[in-house]
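This report refers to the structure that appears directly beneath it.
These numbers come from the heavy atoms of this one structure, side chains and all, not from hydrogens, waters or symmetry mates. Each chain gets a letter, A, B and so on, in the order the sequences are listed, and its residues count up from 1. These figures come from a predicted structure and were not determined experimentally.
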There are 2 protein chains.
Amino acid sequence: MIKFTPAEESYLKAIYHISDEGKRTVSTNDISFQMKTKPASVSDMLRRLGEKEVIEYRKYYGVNITEEGKKLALQTIRKHRLWEVFLVEKLRFSWDEVHEVADELEHVKSKLLIQRLDEYLGFPKFDPHGDPIPDEYGDVRARPRLPLTDLELHATGQIVAVKDSSAAFLKYLDKVGAYIGARIRVMEKVEFDGSVEISVDNKKNIFMSKDVAANVLVML
Amino acid sequence: MIKFTPAEESYLKAIYHISDEGKRTVSTNDISFQMKTKPASVSDMLRRLGEKEVIEYRKYYGVNITEEGKKLALQTIRKHRLWEVFLVEKLRFSWDEVHEVADELEHVKSKLLIQRLDEYLGFPKFDPHGDPIPDEYGDVRARPRLPLTDLELHATGQIVAVKDSSAAFLKYLDKVGAYIGARIRVMEKVEFDGSVEISVDNKKNIFMSKDVAANVLVML
DNA sequence: TTTATAATTTAGATATATCTAAATTTAAAT
DNA sequence: ATTTAAATTTAGATATATCTAAATTATAAA
């Protein structure tokens, strides 16, 4: 069994996430931006990940994640999201405080630990941001979801996830009263700027700019 | 604030534990043995820990831990033992399975995490091996304890900790029916080999060699 | 199509953490 | 008091993970 360092796991996770956004090949610069490291450091890491065959690396072209790589990335993502559930549900963290800590916890190496944690949390299927938790084998059952901007006037739905999960964005959503699981209805769609007004749980009304709404994912 | 790497924290913890066994200066070889690294690696680490002023390092002579170093070591020990409680009480780990995992978890850097974990566990004062958990400031209230070999014939006590907490030893104790918290009584002391026979909870009787009994710590 | 710009890689540096082999110092034995 | 043995340190090597600066390749613009 090939071993992977925490840094390798983190890079692979980043590559998986960028691939998942639709791009078939991932560029050095994209990874550099995501990982907050310099492109030179990325090149070096890509060479090593290529040698370990979790990515296909062609110099100057970009990388594609292999099946083996996907499996590994999903295992790390599974750990990350299970820890997030633990932090929020058991330790009363708010959903914008969990990222950094989960980024460390996800690298703790113990199969038993993750199995037991999963069991202890009641085999959750989604993390506090609404993202699906892969199973032991890397399978993900994602609910079909679309950005809030795609909802028609008067349509109803449930907020299930956010695209941009930066602390700032999560804080903002919390402040205005939007949260994962909220039942919403589109009350108004402003054509010229793409902004929307929604009601949350048939009570509070919220205005959202196009940019914000595009980052809120809804399940019908 | 000076930063410390996981390796530095581990070495410092080892040095603290060895100092705590009564030795005033700790030798390179002792640390090498405890950390399962070569003496050459230890020398290098001691130089760095010396520069960071958590130990006093005099070449060829050995090291003494400073007050600053003690505080840091106790913080790491606090984290380690809190995680052990979590693993045993919440995730149903047995007390001989927790060491390795806790050795990784103890290096996760988040003050909030440890505060909340402590609270979640009900502010435990002892870990599953019976060792005291230092508070946020590094204060430890240790119960007076002595090796089982020091108990007189017919004396009673309670098993509160073990000296040797290797997985093999803990497994053995579990197997024969000894556990932290067990109420015991010395039924027989064999002079010529130092072995003892004890009763556990006024029921089962157990024979223990001198070597084993010396590693079982008892509170009267 | 040549050229300028952007993206990427290489080369060389630093820092951590480990090792082996050789050198050095301290402690023990004769 | 020498000599020998043990403990310790130094020197030099390897591996990870990062950086800056320079070189290279690919892409976009004129």
Side-chain angles (χ1 to χ4, degrees), chain A residues 1-15 18-19 23-65 69 72 76 100 103-104 106-109, chain B residues 1-15 18-19 23-65 69 72 76 100 103-104 106-109:
Chain A
M1 188 60 106
I2 311 167
K3 275 177 195 168
F4 290 85
T5 66
E8 286 169 342
E9 287 178 352
S10 293
Y11 271 93
L12 198 58
K13 197 172 64 133
I15 293 166
I18 299 167
S19 312
K23 299 181 183 177
R24 58 198 179 299
T25 61
V26 177
S27 76
T28 299
N29 257 5
D30 288 346
I31 300 166
S32 157
F33 177 78
Q34 182 98 0
M35 293 297 294
K36 301 187 213 300
T37 54
K38 300 293 161 184
S41 311
V42 175
S43 289
D44 208 61
M45 180 57 88
L46 294 185
R47 188 184 44 70
R48 294 209 299 274
L49 290 177
E51 279 166 12
K52 291 190 173 180
E53 299 187 330
V54 287
I55 59 169
E56 245 190 290
Y57 175 41
R58 277 141 42 200
K59 284 197 281 197
Y60 295 103
Y61 270 86
V63 295
N64 290 96
I65 194 161
L72 228 121
T76 308
E100 270 181 280
D103 269 342
E104 285 193 61
E106 75 188 11
H107 301 297
V108 175
K109 277 161 185 44
Chain B
M1 188 58 108
I2 312 167
K3 276 177 193 166
F4 290 85
T5 66
E8 286 169 342
E9 286 178 353
S10 293
Y11 271 92
L12 198 58
K13 197 172 63 134
I15 293 166
I18 299 167
S19 313
K23 299 180 183 178
R24 55 195 181 299
T25 62
V26 178
S27 77
T28 299
N29 258 5
D30 287 347
I31 300 167
S32 158
F33 177 79
Q34 181 97 0
M35 293 296 295
K36 302 189 212 303
T37 54
K38 300 293 162 186
S41 311
V42 175
S43 289
D44 209 59
M45 179 57 87
L46 294 184
R47 188 184 43 72
R48 295 208 300 275
L49 290 177
E51 280 166 12
K52 291 190 172 180
E53 299 188 330
V54 286
I55 59 169
E56 246 188 289
Y57 175 41
R58 279 171 302 163
K59 285 198 281 196
Y60 295 103
Y61 188 79
V63 296
N64 291 95
I65 195 162
L72 230 121
T76 308
E100 269 180 279
D103 269 342
E104 285 193 61
E106 76 188 12
H107 301 297
V108 175
K109 277 161 185 43

Item to complete: Please state whether the phosphate of D:dT10, meaning OP1 or OP2, lies under 4.0 angstrom from any side-chain nitrogen or oxygen of B:Ser43.
Response: no

Response to the item:
Ranking C:dA21, C:dT9, C:dA17 by distance to the side chain of A:Pro39, first place goes to C:dT9

Worksheet item: Base, sugar-phosphate, or nothing for B:Ala40, non-hydrogen atoms under 4.0 angstrom?
Response: base

Fill in: Pairwise 5' ranking along DNA chain D for A:Glu8 and B:Val26, keeping only the more 5' one
B:Val26

Practice prompt. Measure the distance from CZ on B:Arg58 to P on D:dT9 and round it to the nearest whole Å.
Written response: 12 Å

Item to complete: Determine, stepwise, if the pair A:Ile55 / A:Ile15 fulfils side-chain contact (heavy atoms from CB on, under 4.5 Å).
Response: CA-CA 9 Å; A:Ile55 59 169; A:Ile15 293 166; 4.2 Å; yes

Worksheet item: With respect to the phosphate group of D:dC19, does any side-chain polar atom (N or O) of A:Ser41 fall under 4.0 Å of OP1 or OP2?
Response: yes

Fill in: Value in whole Å for how far the P atom of C:dT26 lies from OH of B:Tyr60
7 Å

Worksheet item: So, is A:Thr28 close to the C:dT9 phosphate, meaning a side-chain N or O under 4.0 Å from OP1 or OP2?
Response: yes

Item to complete: Output yes when at least one side-chain N/O atom of B:Lys59 is less than 4.0 Å from OP1 or OP2 of D:dT10, else no.
Response: yes

Response to the item:
Among the nucleotides D:dT18, C:dA17, D:dA26, whichever has the atom closest to the side chain of A:Tyr61 is D:dA26

Fill in: Nucleotide D:dA6, atom C1' - distance to CZ of B:Phe33 in whole Å
17 Å

Practice prompt. Look at atom CZ of A:Arg47 and say whether more than 12 heavy atoms of other residues, nucleotides or ligands are closer to it than 6.0 Å.
Written response: yes

Worksheet item: Within this structure, what is the NZ-to-P distance between B:Lys38 and D:dG12, rounded to whole angstrom?
Response: 22 Å

Worksheet item: Is it true that B:Glu9 and B:Lys13 have a side-chain N and a carboxylate O under 4.0 angstrom from each other?
Response: no

Worksheet item: How long is the gap from OH on A:Tyr11 to OG1 on A:Thr5, to the nearest 0.5 Å?
Response: 10.0 Å

Discussion item. OP1 or OP2 of C:dT16 versus the side-chain N and O atoms of B:Tyr11: is any pair under 4.0 Å?
Written reply: no

Worksheet item: Between B:Phe4 and B:Thr76, does a side-chain contact (heavy atoms from CB on, under 4.5 Å) hold up when you go through it step by step?
Response: CA-CA 11 Å; B:Phe4 290 85; B:Thr76 308; over 6 Å; no

Item to complete: Would you mind reading off the distance between A:Ile31 atom CD1 and D:dT18 atom P, rounded to a whole angstrom?
Response: 13 Å

Worksheet entry | From B:Met45 atom CE to B:Ile31 atom CD1, the distance as rounded to the nearest 0.5 Å | 10.5 Å

Discussion item. Below the 4.0 Å mark, does C:dT9 have OP1 or OP2 next to a side-chain nitrogen or oxygen of A:Tyr57?
Written reply: yes

Worksheet, complete the sentence: In whole angstroms, the gap separating P of C:dT10 from CZ of A:Arg47 amounts to 8 Å

Discussion item. OP1 or OP2 of C:dA17 versus the side-chain N and O atoms of B:Thr5: is any pair under 4.0 Å?
Written reply: yes

Item to complete: Could you check how far NZ of A:Lys36 sits from P of D:dT18, rounded to whole Å?
Response: 14 Å

Worksheet entry | C:dA6 OP1/OP2 closer than 4.0 Å to side-chain N/O of A:Asn29 | no

Worksheet, complete the sentence: Taken to the nearest whole Å, CG/B:Leu46 to P/D:dT9 is 7 Å

Worksheet item: Quick one: is B:Arg48 getting a side-chain N or O under 4.0 Å of the C:dA15 phosphate, OP1 or OP2?
Response: no

